[in-house]
Amino acid sequence: MIKLYENPGWGSAIVELQLALYDLPHELVTAGNIHQDPSARAALGKVNPLIQIPTLVLPDGEVVTESAAITLVLADLARSDLLVPKARKAHRAAFLRWLVFLVASIYPSFVYSDTPERFVKGNGGESYQVNVIEHRKAMWKVMEAEAARHGGPWFLGERMTAIDIFLACMVHWRPKEEWFQAETPCLWRAAEEAAKLPALRAAYKRNFG
Ligand SMILES: N[C@@H](CCC(=O)N[C@@H](CS)C(=O)NCC(=O)O)C(=O)O
């Protein structure tokens, strides 16, 4: 069975929601406090040397990390284009562009802001954190402009994709729900649409209440 190392509300939710939508049988393994608890770090470190979640282990033992890679692999396993437009089909290029933007530009900013003491020694960690979050807001605005251009309800317009699943989870992270509602209404709408999908109800509730 597929095994997902997770913590409720963390990036593993992006994967758990996709597993739920595809109805792929899986087992959840709670990773615990991987920022501070040495035993949690040691346990996950044996599987993923970066000590990050999501970390997925496929039934044959292959480890898959990186939420974008996992997103593509799950679509393969499910033999479905529900969330990942097929090669040479409509929306494929835009999907890949914004999926990679999400994971290469926006998602890493959490590593840099969540525990600033790893990157800034002594005083200054707080203003560094504020600056990283401001930069993240600017990146979300770039995505908002793209979503507005497509006209909703999903990020890419009429076509739901895994990007909407990412949004359903990431709007709960800093700068948090109120900011998204006020400043990026198109992203917020796509996130809400995804959160409403009946197949996601249980997994969404487990992660975000
Ligand atoms: N590039 C990874 C990023 C995953 C990531 O940053 N996960 C966070 C939790 S949401 C994490 O594990 N952080 C631990 C750390 O900061 O080292 C992906 O796309 O899956």
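For ligands, and for the atoms within them, numbers begin at 1 and follow the listed sequence.
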Point to revise | Heavy atom of Trp10, distance to ligand 1 below 4.0 Å | key: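 Distance cut 4.0 Å: Trp10 passes for ligand 1.
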Review point. Does even one non-hydrogen atom of Ile53 get within less than 4.0 Å of ligand 1?
Key: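 It does; at least one heavy atom falls under 4.0 Å.
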Practice item. Find out whether the Lys NZ or Arg CZ of Arg136 is both under 6.0 angstrom from the six-membered ring centre of Phe110 and within 45° of the ring's axis. Key: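 Arg136 over Phe110 ring: yes.
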Practice item. Check the surroundings of atom NE2 in His35: do more than 12 heavy atoms from other residues, nucleotides or ligands lie under 6.0 Å from it? Key: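 Result for NE2/His35: enclosed.
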Check your understanding: Out of Gln52, His35, Arg118, Glu66, whose heavy atom is nearest to atom 1 (N) of ligand 1?
Key ->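 Of the listed residues, Glu66 has the closest heavy atom.
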Atom indices of ligand 1, in the order listed, that fall short of 4.0 Å to a heavy atom of [X]:
X     : answer
Pro54 : 20 (O)
Ile34 : 12 (O)
Gly11 : 10 (S)

Check your understanding: Charged N to carboxylate O below 4.0 Å: is that the case for Glu134 and Lys137?
Key ->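 Yes, this pair counts.
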Point to revise | Cationic N near anionic O, under 4.0 Å, Glu193 to Lys196 | key: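 Yes, this pair counts.
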Exercise for review: Drop me the distance from Asn48's CG to Leu56's CG, to the nearest 0.5 angstrom.
Suggested key: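 One gets 11.0 Å once the value is rounded to the nearest 0.5 Å.
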Check your understanding: Given Tyr107 and Trp173, is the ring-ring contact (aromatic ring centres under 6.0 Å, His included) satisfied, shown in steps?
Key -> CA-CA 10 Å; Tyr107 201 170; Trp173 305 346; 5.6 Å; yes
Check your understanding: What do you reckon, does Ser67 have a nitrogen or oxygen under 3.5 Å from a nitrogen or oxygen of ligand 1?
Key ->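 Between Ser67 and ligand 1, an N or O pair is found under 3.5 Å apart.
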**Study point:** Identity and distance of the protein heavy atom lying nearest atom 6 (O) of ligand 1
**Key:**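 Protein heavy atom with the smallest distance to atom 6 (O) of ligand 1: Val111 CG2, 3.4 Å.
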